[in-house]
Engineer: 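My structure is below; once you've seen it, I'll send some questions.
Since the model is a prediction, treat every value here as computed from it, not as a measurement. So that the names make sense, note that chain A is the first sequence line, chain B the second, and so on, each numbered from 1.
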Amino acid sequence: MSRYNHREVEPKWRERWARAGIDRALAPDEAKGKPKAYILEMFPYPSGRIHVGHSRNYAMGDVIARFRRANGYNVLHPMGWDAFGLPAENAAMERGIHPKGWTYDNIAAMREQLKLLGLAIDWSREIATCDPAYYKHQQAMFLAFWKKGLVYRKKQKVNWDPVDNTVLANEQVVDGKGWRSGAAVETRELEQWMFRVTAYADDLLDAIGKLDKWPDKVRLMQGNWIGKSQGAKIWWDIASFPPPLAGEVAERGEAGGGAAAPAPSVAFGDTSPVNEGGKQAPNHARDPIEVFTTRPDTLFGASFLALAPDHPLTKTIAEFRPDVAKFIADCATLGTSEADIEKAEKTGIDLGVRVKHPFDDSWELPVWAANFVLSTYGTGAIFGSPAGDQRDLDFARKYDLPFKPVVLPPGADAATYAVADEAFTDDGTIYNSCFLDGLSTKDAITRAIDELVKLEKGEATTKYRLRDWGVSRQRYWGCPIPAIHCGKCGIVPAPEKDLPIQLPEDVTFERDKPGNPLDRHPTWKHTKCPQCSGKATRETDTLDTFVDSSWYFARFTDAQNPDAPFDKKLASYWLPVDQYVGGVEHAVLHLLYARFFTRAMRDCGYLDLPSGEPFASLFTQGMVVHETYQRKQRGLREADIEQRSGGRVEKTTGFPASSWTQSQVQGGSVIQAPRATYFVSPTWLTPEEVDLRDGSAFERGRDIPVDVGPIEKMSKSKKNVVDLDAFVHDFGADVARWFVLSDSPPERDVEWTASGVKGAWGFVQRVWGLVEAHVEGSPPATPARPEAARSNSEGAGAPYALRQLAHRAIASVTEDIEHFRFNVAVARSYELVNAIAKLKDDTSAGHFARGEALRILAQLIAPFMPHLAEECWETLGGEGFVATAPWPKADPALAARNTVTLPIQVNGKKRGEIEAAKGAPEAEIREMALAHPAVAQFLAGQSIRKVIVVPDRIVNIVAS
RNA sequence: GCGAGCGUGGCGAAACUGGUAGACGCAGCGGACUUAAAAUCCGUUCGCCCAAAAGGCGGUGCGGGUUCAACUCCCGCCGCUCGCACCA
């Protein structure tokens with residue numbers, strides 16, 4: 001018996017598959033009635049090298065793709081590269097190489113690595129988003145969106161990442177820090193290119209309900225992100241300004257402020273003004289204050305208005321009131337991290353302004369500025385209704401503002417009910433509220449809005465947390481935005497015939513010169529205005545790379561089309577993606593943008609896809625995690641680290657690291673390590689550099705003890721990665737694939753361990769051993785007797801039992817793959833192998849059963865371990881490729897159980913078992929159960945009160 | 001704070017719409033083969049009681065409940081993970 005040699009077998013089959021072209025997706029007219037299946041894994045960023053952690057995602061998609069193909073589907077399973085992005089520029093700065101060279105080198109290396117895995121990918125459709133042949137179409141699409149009014153420019157406060165020197169979308173800011181750099185995000189005012197995602201806010205939200213093959217978690221996250229709330233806008237008329245300032249403020253207001261620039265240009269005719277914010281400057285001194293609320297029913301409980309610190313009126317007042325100016329400044333220094341928000345006290349300042357209550361002209365309320373009001377949500381102004389909102393109540397108590405309850409909790413007595421320290425925020429009955437008295441919360445909301453509309457003091461409205469997507473990035477390595485700035489004509493679209501607008505290759509990257517190399521380029525941006533032919537400059541911002549990944553799945557349907565992003569018919573045939581596989585980290589960003597983009601493409605005529613949904617089914621897989629290792633440093637000890645911020649002291653235990661800098665310490669808190677003068681940055685070691693023996697870890701070859709750190713997601717930075725090439729060389733791609741799918745449910749993380757690898761390796765050898773033994777063993781003297789092959793219920797004996805088990809394995813594995821229970825499918829395969837190994841029967845019946853079971857096994861493991869399966873299939877005399885052989889069908893007669901083992905319980909405890917024919921009548925079962933000796937013994941001296949027979953399941957006898 | 005998910009042997013985990021808890025793998029233990037080891041194969045492995053077997057008792061984070069029957073359903077806690085977060 002020879003050892004299975006993956007080093008020969010694996011490349012051999014990959015070559016044969018490639019030569020036969022079995023992975024190519026068929027054109028719709030070639031498919032001849034085959035249903036289509038578009039299987040896609042989130043495409044990788046070409047960061048350098050692939051490690052085994054990446055392989056899980058692709059292995060899962062590949063199992064599904066191969067399974068669908070075996071089941072007669074026309075499968076599209078493509079691969080490409082999300083190739084624009086910052087790491088390329090950082091590499092350029094660090095190593096003086098060009099981002100393009102770096103990216104394409106990485107792509108070449110990673111393509112070879114992916115091929116090593118034996119994935120059934122149609123490589124003829126490979127794309128890279130940095131290829132002008134790709135981004136040309138993206139630029140054209142940008143122009144089409146622009147024409148449709150889905151693109152505009154806006155001067156707005158943006159999230160500025162001071163490390164990456166670029167703007168971030170709201171979705172890219174996590175806990176006040178850049179999602180990539182981790183640096184605290186600053187606020188800047190910049191002219192931005194925007195995508196009007198909010199145009200689809202309602203549809204994006206409603207359609208979530210139809211995405212029933214998406215994880216609930218992701219649907220929930222998207223719903224929260226869009227954050228729809230229905231309520232009312234209310235306009236509060238100004239009653240008075242504080243006397244000394246009133247005249248002055250009113251006068252300034254009269255002058256119109258002049259802050260907002262006039263709209264400079266209109267592109268594509270009147271339908272789509274490219275600049276927003278060019279409206280008539282509001283007069284903050286006279287215009288009513290607009291407030292958003294979801295609870296207009298509590299209007300009679302209002303006791304104050306509160307404005308955001310950066311609300312225009314607050315700013316206006318601040319010009320005359322140093323204390324208000326100081327308040328604004330104080331609020332600005334406050335951090336935005338969760339810890340800061342939690343600790344920050346609610347503070348405010350009376351602006352001296354008074355407004356009239358919309359329902360009662362004589363009722364005047366004070367206007368405050370308050371730090372807890374957000375300028376970015378709603379209108380940046382609220383009315384405080386302390387009895388019905390905890391925050392308002394705290395605020396009112398602190399500043400001695402009045403409050404009265406207006407919502408009576410169910411069952412409470414109006415005469416005695418009072419609000420103390422807890423606001424009542426639920427629904428109830430309205431009282432103390434004039435014409436709303438006696439109404440339920442729900443009815444009162446409607447009634448209040450009706451009244452507001454009648455008085456022209458407000459209207460019903462819907463607010464979203466979702467905001468438009470700012471796509472401008474001040475970076476080089478991205479898709480150039482096809483727009484031209486002309487002194488005369490304003491901002492005009494680049495002519496379509498000039499696309500692609502290509503990135504110049506002769507650019508410089510210097511660490512000390514932040515900013516955009518495109519902007520610095522001596523000639524690139526200078527061009528002619530397409531309208532007046534005068535001197536003009538190109539837009540030097542590039543598109544957020546999330547734009548690139550928002551439509552790549554559509555490009556795959558027609559990847560090499562030079563004239564269009566894709567053929568409408570082809571895209572309509574393949575889309576939506578039937579199975580999308582990727583990490584949860586994209587639950588909001590990428591998936592939301594892609595959903596927006598698909599709708600926009602549909603509405604611009606690119607696609608026939610009524611739903612606008614790109615991904616019919618989504619699976620979010622868990623990561624591969626691994627222990628981390630750190631070199632022990634002399635003098636480095638664990639220490640208690642005190643972190644003070646505000647009045648609170650938090651103690652943590654850890655290693656003080658020199659990489660901690662003040663800027664990473666939020667809000668002026670101080671990190672102290674009481675005994676520590678030994679700040680040492682950790683030196684991470686790769687698993688290869690570490691020897692594990694006797695439960696301790698040592699640096700390989702040097703016998704220096706190593707600290708074993710927490711188990712974390714495999715990542716380059718922590719070095720806890722296992723390189724794919726080396727692993728495949730040592731153990732083979734099949735072992736890697738099998739292992740990442742076997743140990744944990746796919747949605748959960750799986751820990752990469754040496755013992756797990758050993759198990760997978762052992763399985764490969766065992767399967768091969770059985771196949772070889774079967775083929776080499778002396779064939780039985782007589783040919784298989786007919787009864788061995790018969791698939792009816794008359795069979796008996798060990799060979800027949802094996803046949804039954806094999807056919808049950810088919811049924812089970814098929815179900816398991818359908819439901820993404822790969823770990824269970826793996827367990828079933830082990831059971832089958834165990835059973836095959838156990839059959840010691842050299843008769844022709846045994847031989848026949850073993851051969852059949854082995855062929856079934858080869859087919860069942862083919863999606864997981866395609867190389868091994870192929871080698872076994874061939875050795876067993878299977879026809880063609882196992883990869884393209886039709887998926888086995890379980891013979892119902894064999895898979896079905898004709899007898900069942902029924903446990904007999906007495907009072908819920910198992911006391912015996914009986915064998916009964918499947919579907920045997922209840923009365924018969926009952927007799928058998930009561931006759932069971934052990935059961936009878938338990939029943940002695942008791943009277944039977946009830947016998948429950950669950951057909952083919954269980955018998956429970958209730959006795960006392 | 002709000003929302004979601006999870007909690008099962010030494011470990012990763014199974015258990016279909018409530019019906020034999022711990023399939024399968026790893027590690028462990030015992031054995032075979034070997035001069036020996038590795039590899040491979042066979043057996044065994046939730047805990048407790050009993051000399052052993054047969055058998056019994058307990059057992060799915062904790063406390064209650066529904067049910068003939070609960071890992072599964074309901075109520076109340078505890079713990080962990082993730083997401084959102086001063087959202088008006």
Engineer: Is the phosphate of G25(B) approached by Y830(A) (side-chain N or O, under 4.0 Å from OP1 or OP2)?
Structural biologist: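 Checking Y830(A) against G25(B): no side-chain N or O falls below 4.0 Å of OP1 or OP2.
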
Engineer: If the glycosidic angle is within 90 degrees of 0 it's syn, otherwise anti, so just tell me which one G5(B) is.
Structural biologist: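 Anti, which is what one calls it when the glycosidic angle falls more than 90° from 0.
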
Engineer: Would you mind reading off the distance between R465(A) atom CZ and A88(B) atom P, rounded to a whole angstrom?
Structural biologist: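 Taking CZ of R465(A) and P of A88(B), I get 11 Å after rounding.
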
Engineer: Between G43(B), C68(B), A14(B), spot the one nearest the side chain of P745(A), thanks.
Structural biologist: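 Side chain of P745(A) sits closest to A14(B).
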
Engineer: Could you measure between the two P atoms, the one in C6(B) and the one in C16(B), and give it in whole Å?
Structural biologist: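 Nearest-Å result for C6(B) against C16(B) at atom P: 14 Å.
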
Engineer: Please classify the nucleic acid contact of N224(A) as base, sugar-phosphate, or nothing, using heavy-atom distances under 4.0 Å.
Structural biologist: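 The answer is nothing, as N224(A) stays clear of every strand by at least 4.0 Å.
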
Engineer: Picking from A23(B), A13(B), C57(B), which would you name as closest to the side chain of R911(A)?
Structural biologist: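 The listed nucleotide nearest to R911(A)'s side chain is C57(B).
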
Engineer: Counting only side-chain heavy atoms from C-beta out, which of G19(B), A88(B), A14(B) sits nearest to S229(A)?
Structural biologist: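 So the side chain of S229(A) is nearest to A88(B).
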
Engineer: So, OP1 or OP2 of A88(B): does either fall under 4.0 Å of a side-chain N or O from R295(A)?
Structural biologist: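 Looking at the OP1 and OP2 atoms of A88(B), neither is under 4.0 Å from any side-chain N or O of R295(A).
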
Engineer: Output, in order, the C-alpha distance, side-chain angles, deciding distance and verdict of side chain to side chain contact (heavy atoms under 4.5 Å, CB included) for F403(A) and D392(A).
Structural biologist: CA-CA 10 Å; F403(A) 55 88; D392(A) 294 348; over 6 Å; no

Engineer: It should be established whether S744(A) places a side-chain nitrogen or oxygen under 4.0 Å from OP1 or OP2 of nucleotide A13(B).
Structural biologist: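 True: S744(A) side-chain N/O within range (under 4.0 Å) of A13(B) OP1/OP2.
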
Engineer: Identify which nucleotide among A23(B), C84(B), U20(B) has an atom closest to any side-chain atom of A827(A), counting heavy atoms from C-beta outward.
Structural biologist: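 Taking heavy atoms from C-beta onward, the closest nucleotide is A23(B).
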
Engineer: Could you work out which one of A14(B), G58(B), G19(B) sits closest to the side chain of V824(A)?
Structural biologist: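 Nucleotide nearest to V824(A)'s side chain: A14(B).
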
Engineer: Counting only side-chain heavy atoms from C-beta out, which of A15(B), C16(B), U20(B) sits nearest to R821(A)?
Structural biologist: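 Nucleotide nearest to R821(A)'s side chain: A15(B).
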
Engineer: Just name whichever nucleotide pairs with C68(B), Watson-Crick or G-U, keeping both distances under 3.5 Å, else none.
Structural biologist: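 The base-pairing partner of C68(B), which may sit in any strand shown, is G19(B).
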
Engineer: Is R219(A) paired with D216(A) through a side-chain N to carboxylate O contact shorter than 4.0 Å?
Structural biologist: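 Answer for the salt bridge query: yes.
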
Engineer: If the test is side-chain contact (heavy atoms from CB on, under 4.5 Å), which one of L305(A), T461(A), T293(A), T379(A) qualifies with I234(A)?
Structural biologist: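 Of the listed residues L305(A), T461(A), T293(A), T379(A), the side-chain contact (heavy atoms from CB on, under 4.5 Å) partner of I234(A) is T293(A).
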
Engineer: I need the CG-P distance between L393(A) and A88(B), as an integer number of Å.
Structural biologist: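 For the pair L393(A) CG and A88(B) P, the rounded distance is 17 Å.
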
Engineer: Name the closest nucleotide to the L220(A) side chain, picking from A14(B), C84(B), G3(B).
Structural biologist: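 Shortest atom-to-atom distance from the side chain points to G3(B).
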
Engineer: Please pick, from C86(B), A88(B), C82(B), the nucleotide with the shortest atom-to-atom distance to any side-chain atom of K217(A).
Structural biologist: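 Within the option list, the nearest is C82(B).
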
Engineer: In Å and rounded to the nearest 0.5 Å, what is the CG to CG distance from L401(A) to L393(A)?
Structural biologist: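 One finds 11.0 Å between CG of L401(A) and CG of L393(A).
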
Engineer: Can you confirm whether Y4(A) sits close enough to V771(A) that some side-chain heavy atom of one is under 4.5 Å from a side-chain heavy atom of the other?
Structural biologist: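 Y4(A) does not reach V771(A) side chain to side chain.
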
Engineer: Classify the ring geometry of Y377(A) against F292(A): parallel below 30°, tilted from 30° to 60°, perpendicular beyond 60°.
Structural biologist: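 Because their plane-to-plane angle is over 60°, the rings of Y377(A) and F292(A) count as perpendicular.
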
Engineer: Would you indicate which nucleotide in U20(B), A88(B), G12(B) comes nearest to any side-chain atom of P903(A)?
Structural biologist: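 Of all the options, the side chain of P903(A) is nearest to U20(B).
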
Engineer: Pairing check on A13(B): which nucleotide meets the Watson-Crick or G-U wobble criteria with it, both distances under 3.5 Å?
Structural biologist: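 Answer to the pairing question: none, since A13(B) forms no Watson-Crick or G-U pair.
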
Engineer: So, does R391(A) get its side chain near the phosphate of C87(B), meaning an N or O under 4.0 Å from OP1 or OP2?
Structural biologist: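 Looking at the OP1 and OP2 atoms of C87(B), one of them is under 4.0 Å from a side-chain N or O of R391(A).
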
Engineer: Select one nucleotide: of C68(B), A88(B), G3(B), the one nearest the side-chain heavy atoms of V958(A).
Structural biologist: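 So the side chain of V958(A) is nearest to C68(B).
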
Engineer: Using only side-chain N and O atoms of K758(A), determine if any of them is under 4.0 Å from OP1 or OP2 of A27(B).
Structural biologist: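 Yes, because at least one side-chain N or O of K758(A) sits under 4.0 Å from OP1 or OP2 of A27(B).
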
Engineer: Just to be sure I understand the rule, does R945(A) reach a base, reach only the sugar-phosphate, or reach nothing, if contact means heavy atoms closer than 4.0 Å?
Structural biologist: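 Nothing, no heavy atom under 4.0 Å.
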
Engineer: Take the protein atom CZ of F372(A) and the nucleotide atom C1' of A88(B), then report the distance between them rounded to whole Å.
Structural biologist: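 It works out to 9 Å between those atoms.
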
Engineer: Give a yes/no answer on whether the side chain of K228(A) brings an N or O atom under 4.0 Å of OP1 or OP2 in C87(B).
Structural biologist: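 K228(A) to C87(B) OP1/OP2: no side-chain N or O under 4.0 Å.
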
Engineer: Taking any strand in view, what nucleotide pairs with U44(B) in a Watson-Crick or G-U wobble way, both distances under 3.5 Å?
Structural biologist: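 Matched U44(B) with G28(B) under the 3.5 Å cut-off.
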
Engineer: Mind checking the C1' distance from G79(B) to U20(B)? Whole angstroms is fine.
Structural biologist: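 The answer is 31 Å between these two C1' atoms.
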
Engineer: Pick the nucleotide of RNA chain B nearest each of Y377(A) and E913(A); which residue has the one closer to the 5' end?
Structural biologist: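 In this pair, the answer is E913(A).
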
Engineer: Under 4.0 Å between a side-chain N/O of N371(A) and OP1 or OP2 of C86(B), yes or no?
Structural biologist: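 No.
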
Engineer: With nearest nucleotide decided by heavy atoms, which residue, V373(A) or K946(A), maps closer to the 5′ end of RNA chain B?
Structural biologist: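 Here K946(A) is the residue nearer the 5' end.
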
Engineer: Under 4.0 Å from OP1 or OP2 of G18(B): is there any side-chain N or O of R953(A) that close?
Structural biologist: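 For G18(B), neither OP1 nor OP2 has a side-chain N or O of R953(A) closer than 4.0 Å.
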
Engineer: Give none if G55(B) has no partner; otherwise give the nucleotide forming a Watson-Crick or G-U wobble pair with it, both distances under 3.5 Å.
Structural biologist: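 When the pairing criteria are applied, C49(B) turns out to be the nucleotide that pairs with G55(B).
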
Engineer: Just to confirm, is there a sub-4.0 Å distance from OP1 or OP2 of G25(B) to any side-chain nitrogen or oxygen of N834(A)?
Structural biologist: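 Checking N834(A) against G25(B): at least one side-chain N or O falls below 4.0 Å of OP1 or OP2.
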
Engineer: Determine which nucleotide pairs with C6(B), using a 3.5 Å limit on both distances of a Watson-Crick or G-U wobble pair.
Structural biologist: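 Its partner is G79(B) (Watson-Crick or G-U wobble, both distances under 3.5 Å).
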
Engineer: Tell me what N823(A) touches on the nucleic acid: a base, only sugar-phosphate, or nothing, going by heavy atoms under 4.0 Å.
Structural biologist: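 Contact class for N823(A): sugar-phosphate only.
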
Engineer: Determine whether the aromatic ring centres of residues F395(A) and F372(A) are separated by less than 6.0 angstrom.
Structural biologist: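 Yes; F395(A) has its ring centre under 6.0 Å from that of F372(A).
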
